[in-house]
Amino acid sequence: MAHMERHPFNITIIGAGVVGLAIAEELSRHFDSILLLEKNESQGQETSSRNSEVIHAGIYYPEGSLKASLCVEGRKLLYEACEKRGIPHKRIGKLIVATGPDEEEALLGLQAKAQNNGVDDMLFLSGRVVHSLEPDVIASAGLLSPSTGIIDSHSLMRALLAGSTGNGVTAVFRSAVTGARFDGSRYDLEVNNGEYLVSSRVVVNSAGLQSDRLAALPGIDIDREGYRLKLCKGSYFSATPQPRLRHLVYPVPTPKHEGLGVHATLDLAGRVRFGPDVEYVDAIDYRVDEGKRDAFHASILTYLPLLVKESLNPDMSGIRPKLQGPGEDIRDFVIREESRLGLPGWVNLIGIESPGLTACLAIAKQVAHLIEPLME
Ligand SMILES: Cc1cc2nc3c(=O)[nH]c(=O)nc-3n(C[C@H](O)[C@H](O)[C@H](O)COP(=O)(O)OP(=O)(O)OC[C@H]3O[C@@H](n4cnc5c(N)ncnc54)[C@H](O)[C@@H]3O)c2cc1C
């Protein structure tokens, strides 16, 4: 690193997923000299384009957590942005369905939890009303979340990138950050193993599945800080012929909240997809295992009894960057400026799993807030 010229920037953002892009646009409203570095050829080729594209209401997350507050705030900001900027989206609503008395209890618990998180529009429905909304779904009762919707995440990311570059952000692709060193006032970032160097006052690590390894580069002990990620794959199956559904339909979630159950999602083209399941993995491999068909079919049958097993086809998958391992309690998003670790101006975003897409605009505001005092 010693003798090469360094390209100077005030702020460098690592990762052009939906979160890095939202941060770039938000920061570009307040600060200048911003660089966005992405290792792939274009934006959003990883988790941000391998998800359910659901705008979550914010029902399930622990009260007082960033997941809860940033989801509720982010959802409102996202609907506003979609309307203002012509980003395709639809408030189609979500039904959580119970199969019997135990799950009806759980629905009431969810309604109360949602209320505490500021989601006050949830409606408890009898099985008969659920049936009138979704004739092919069986349920003893249901909870309707009218503020849940779907979004075209690719359009969102294009809009955020255009907004950022329009405000002067330099976005550079095919550029992986491979080294980072703090000299007491600025960070030297090595790109593509030394192809070029960047010098930056502030660094925002929003590198998704690699964010723990990025945090280790300037010397953070990621095990001591509890930053090591566990990869948790979620696979989807589609169905031909398509089931008739008008809402997103979810079973009651599992207690540890590892995933939201094999639910039925709809995209803006009206295509139904089932998933994602929950599978901790050691490596990133997006192939969908056909052998899961039986398990998918069994879970879907609990609410969609007419679905024929042979109609299910392996579809896509995505990988959640989770901080908690299998069976462990839910962990919150890490969004921290690391002065306490002797790294002022280094901001880590780690464990940004669901509802990261919904929350992206609120996360971006939070990051702007964290770095504001450093930019004076
Ligand atoms: C199966 C699944 C379903 C989901 N469903 C939903 C949902 O319905 N609603 C919702 O709100 N959220 C959902 N999520 C969560 C949501 O997709 C994520 O929270 C969000 O996409 C995270 O965005 P990100 O920008 O942090 O990460 P990413 O999209 O992973 O972006 C990180 C970027 O950093 C880049 N990068 C990594 N290392 C480097 C490096 N060294 N140098 C340069 N660049 C680097 C990567 O190439 C990547 O482009 C889901 C997630 C999964 C896996």
Side-chain angles (χ1 to χ4, degrees), residues 12-24 35-58 61 67 70-71 74-75 78 94 148-151 153 156-157 160-161 171-180 189-193 198 203-217 229 231-236 248 250 259-260 262-263 265-267 273 275-279 281 284 286 288 315-322 333-335 348-364 367:
T12 302
I13 298 156
I14 306 168
V18 74
V19 172
L21 290 163
I23 292 169
L35 174 67
L36 173 62
L37 291 175
E38 166 56 51
K39 69 176 165 58
N40 294 327
E41 286 176 9
S42 64
Q43 73 278 11
Q45 293 193 353
E46 303 204 347
T47 310
S48 295
S49 54
R50 297 178 161 277
N51 59 66
S52 306
E53 297 188 297
V54 173
I55 302 180
H56 287 299
Y61 310 106
K67 283 183 176 171
L70 296 175
C71 184
R75 186 234 306 155
L78 196 53
K94 151 173 167 176
T148 303
I150 50 176
I151 180 168
S153 57
L156 170 66
M157 289 192 280
L160 293 171
L161 180 62
V172 188
F173 295 91
R174 296 191 189 88
S175 292
V177 173
T178 48
L189 300 177
E190 177 199 73
V191 182
N192 295 338
N193 297 307
V198 169
V203 176
V204 180
N205 163 19
S206 55
L209 294 167
Q210 276 83 36
S211 55
D212 56 343
R213 270 167 285 164
L214 252 298
L217 291 181
L229 288 173
L231 307 181
C232 183
K233 182 169 174 178
S235 297
Y236 296 81
L248 306 170
Y250 287 57
L260 299 180
V262 172
H263 50 265
T265 63
L266 281 160
D267 64 17
R273 234 189 238 133
D277 66 348
V278 174
E279 179 193 2
V281 293
I284 295 174
Y286 291 116
V288 174
D315 198 280
M316 49 97 117
S317 75
I319 299 192
R320 308 170 182 90
K322 275 193 189 287
F333 292 156
V334 166
I335 304 175
N348 278 322
L349 291 105
I350 306 178
I352 313 297
E353 54 168 327
S354 198
L357 169 63
T358 309
C360 67
L361 300 180
I363 292 173
V367 170

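The residues of the chain are indexed from 1 along the displayed sequence. Counting starts at 1 for both ligands and their atoms, following the listed order.
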With sequence neighbours left out, which residue pairs that include part of residues 45-55 fulfil the salt bridge (charged side-chain N to carboxylate O under 4.0 Å, His left out) condition?
K39-E46

Within the 4.0 Å heavy-atom sphere of ligand 1, strictly under, residues:
I14, G15, A16, G17, V18, V19, G20, L37, E38, K39, N40, E46, T47, S48, R50, N51, S52, E53, V54, H56, S175, A176, V177, S206, A207, G208, Q210, L214, Y236, P276, G318, I319, R320, I352, E353, S354, P355, G356, L357, T358

Just verifying a value: how many Å separate [X] [atom1] and [Y] [atom2], rounded to the nearest 0.5 Å?
X    : Y    : atom1 : atom2 : result
I14  : E38  : CD1   : CD    : 11.0 Å
I319 : S235 : CD1   : OG    : 8.5 Å
L78  : L361 : CG    : CG    : 5.5 Å

Quick one: does F333's side chain get under 4.5 Å of V19's, heavy atoms only?
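The answer is no; the side chains never approach within 4.5 Å.
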
Taking all non-hydrogen atoms of both residues, which atom of V288 and which atom of D315 are closest, and how far apart?
CG2-O, 3.2 Å

